[in-house]
Amino acid sequence: MLPMSYDFINIEKKWASYWVDNATFYCDTHDFSKPKYYILDMFPYPSAQGLHVGHPEGYTATDILARMKRMQGYNVLHPMGWDAFGLPAEQFAIKKNEHPEKFTRANIANFKKQIQALGFSYDWSKELATVDPSYYKWTQWIFLQMFKHDLAYCANIPVNYCPELGTVLANEEVIDGKSERGGFPVIRMPMRQWMLKITAYADKLDRDLVKLDWPKSTLEMQKNWIGRSEGVAITFKIKNSEASFEVFTTRVDTLFGCTYCCLAPEHPLVEKLVSSKQKEAVEAYVKEATTKSDLTRTSTNKDKTGVYLGVEAINPINGKEIPVYVADYVLGSYGSGAVMAVPAHDERDYAFAKKHGLPIVQVLEGDISEQAMVEDGKHINSEFADGLNIAEAKVAITKKLVEINAGKRVVNYKLRDWVFSRQRYWGEPIPVLEKEDGTFLPVDESQLPVVLPNMDEYKPGKAGRPPLEEAPSSWLNVTLPDGSAAKRETNTMPQWAGSCWYYIRYIDPKNDNALCDEALLKHWLPVDLYVGGSEHAVLHLLYARFWHKFLYDIGVVNCDEPFQKLYHQGMILGENGEKMSKSRGNVVNPDDIILSHGADSLRLFEMFAGPLNEVKPWSTNGLDGAKRFIERVYRFVDEPSVNAKLSEDNDGKLDYAYNFMVKKVTSDYDDLAFNTAISAMMVFINECYKADKVYLPYFEGFVKCFSCVCPFVGEEMWARLGHKEILAYQSWPTYDESKLVLAKVKITVSVNGKMRDVLEVSKDATQEEVQAMAFKSNKVSPFLEGKEIKKIIYVPGRILNIVVA
RNA sequence: GGCCCCCUGGUGGAAUAGGUAGACGCGAUGGACUCAAAAUCCAUUGUCUGAUGAGGACGUGUCGGUUCGAGUCCGACGGGGGCCACCA
């Protein structure tokens, strides 16, 4: 085999270890002399499979920015860590009969090796793992602050429990009331869970979305998830009773059309209100409805079931008596768990009324013979609101309700409190003690961290019993200073806990006295750019905002949003355009690519394939093309005699190409438009080949730009050009705007919008001069002959359009 | 069902503010180099038509609109993707 000129294997090995050994990318967070730039990747969950080709995509994007910003003189914080608690590790550990800790540490080591082989400029001195007690000490500390501010509480809430499997299942794991695995029956039953009161922040989380430089789709998703909705709460009194219930509606204007009311099966008044005659039927219905999972209840949404309670309510606006039903199309967990039904103008109520033979009273003009009329229109049958449109009627009827003390404006949210406990082993212990009287006592801050005890048996227990119930008594049982006994909380935190604040810890990861030094926090937050997948749009990204806002409110951080700019990388599909998966056999392993083409080629290919935020297929040919371009560049320093020579003299031929390239690359990098930046670099190299030689400073400027995408070969070329200093802290190339102003500009001449000729004119040519040339052009004149010129539009430097009749 | 996004050559994708559609790459074809091949370098490459030329017509999912001019703006439809899904 011939010797390889572009020996990427050795080049990459050499510089990977050089950068690590010399801590090249160490960031002194105490150095405030330079402007800061905090650029963050969503840290990975270190799975057993190792990196997939999706990881390098986002990581390369941030790395390009980090490298450019360093050269632009910023103090760049670019850290990496491990989101290592969670179910997959635990399940895998159970399967392999190996402790999750051991298994997780091995995965982390493997991930780190793979990431370093890809040449990312992380500052490894900031490395952290959510499973480190020194880290989760502060996760627990934040939990304690929430507990102290009444944002963490314990409650009995209904969950999906499968007696056969002896475990709780997520909604997604329940299909038609049976477990996805095995098809065993699943019941709804209340279980004691820790909750975080994220709903207390619903308003702030919604309101502050406008401050963020985030993808529109993600903002939209969060907005919908929070689901703010303004409406009116109306009190309905029960006939012949002191009792009443409240409904929430966004369509108070239709109140005159309300012909019945519905309570959710979970509504506490159902059993109190039900008449003796209906008691049996209602109880049977409620029992069935409440043991169904949410998924079952919503999957059968075509059929609107319900049972009459045997009582009437009074519509406060007109005093009419209307029947009260219990129906499972009403959700117990939204609004007040009760609705006023207006069949004429609500599709669900329409379906229910038709099925149960309930009256339909139309209060807006329109056709309701086939379906409910939900559009805007003129009100009828609504007394004082007749003739008004929806908005006007809402105002009028709300005013009336307020006057008679039967209603008030309210805001509702879809957002629910966050179920924060898991009956699992591999998570952060919740730092709370339960006293013998059943009250909770937060662990004293001086006692943190509450370290997860080492256990041989960490499988989930029966009936949803947490594995920590079997922890050694020395861990489980605590004697309080007053001599009384208490027991540790045995639920653990969910996987999302550790990722809620890791961006804070990176700034000061070894601090033992605080989650982060205050002055450093002030200087470094918020994160300037955060890149990661969009799948976390309403999970991690919402949870982290919630925690951050809480920390802001208690004075720990001094900005109210954690991530100023957010960007999502698109998924990389298999070569066949389908999602990569083992079963499809189209998985590409980065380790293989590093061996066959090199990490630089992988990085270049992934950045060139298309816009960062779009879904892109893998392409072996594209990867070859990336490597070919690197070789075309590398040839300048490797075999300069062939086609490409470096020159000490500037003949001016490349002035435009070079300055254009630097300008384009600089702005495209900032916009995360890497595909077009790379294209600009290719154009420059093509020009160099055409010119046969390159002015050396131009080539060096190019190497700086190029090294952000391909750092290994960039560093190698820089060294081969005779530089002793590393590339990382060289100054970023500048461009000369005057070289970009061409003496001649091209003007498109069109007739009736149809392009006919392109004229080269002096950049200061007047319209008259251009017009004169255009009329003389034999490509243009035939189209003007015998025609009347109606109009001439001239855009300097761009186009001359002659309009003829 | 609701909301949001997308649709450009054989192919991945370019195209500030509406102003030469198809940059750059891949693939393909031809040439140079070579005993030959690979690699490399150079050239051509939207479709139809014209003669292999000059040229012409058409062309950004479909139909319509606004405009001197539309891939870009507006409306309807078709296709694909994402998120939420009885939220009153």
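Hydrogens, waters and symmetry mates are skipped; everything else that's a heavy atom, side chains included, is used. Every chain is numbered from 1, with letters handed out A, B, ... down the list of sequences.
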Would you indicate what [X] reaches in the nucleic acid, counting non-hydrogen atoms under 4.0 angstrom: base, sugar-phosphate, or nothing?
| X | answer |
| --- | --- |
| A/N675 | sugar-phosphate |
| A/V803 | sugar-phosphate |
| A/S229 | sugar-phosphate |
| A/R228 | nothing |

Sugar-phosphate atoms are those with a prime plus P, OP1 and OP2; base atoms are the rest. Using that split, label each nucleotide of nucleotides 2-8 of chain B B, S or - for protein heavy atoms under 4.0 Å, 5' to 3'. -SSS---

Does [N] have OP1 or OP2 sitting under 4.0 Å from an N or O in the side chain of [X]?
| X | N | result |
| --- | --- | --- |
| A/R635 | B/C41 | yes |
| A/T676 | B/A23 | no |
| A/Y689 | B/C42 | no |
| A/K616 | B/G12 | no |

Counting only heavy atoms not in A/R416, do more than 12 fall under 6.0 Å of its CZ?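 Atom CZ in A/R416 is packed in, count exceeds 12.
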
Would you please enumerate the stems RNA chain B participates in, each stem being three or more consecutive Watson-Crick or G-U wobble pairs with both distances under 3.5 Å?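 So the stems come out as B:1-7 with B:78-84, B:10-12 with B:24-26, B:27-32 with B:40-45, B:46-49 with B:55-58, B:61-65 with B:73-77.
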
No-hydrogen, no-angle side-chain donor-acceptor test under 3.5 Å, A/T199 and A/D417: yes

Check this for me, if you would: do A/E788 and A/K790 make a salt bridge, where the nitrogen-to-carboxylate-oxygen distance has to be below 4.0 angstrom?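 No, A/E788 and A/K790 are not salt-bridged.
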
Give each protein N/O atom lying under 3.5 Å from an N/O atom of nucleotides 24-27 of chain B, with the pair distance.
unit_1	atom_1	unit_2	atom_2	d
B/C24	O4'	A/S679	OG	3.1
B/G25	OP1	A/N686	ND2	3.3
B/C26	OP1	A/R628	NH1	2.8
B/G27	OP2	A/R628	NH1	3.4

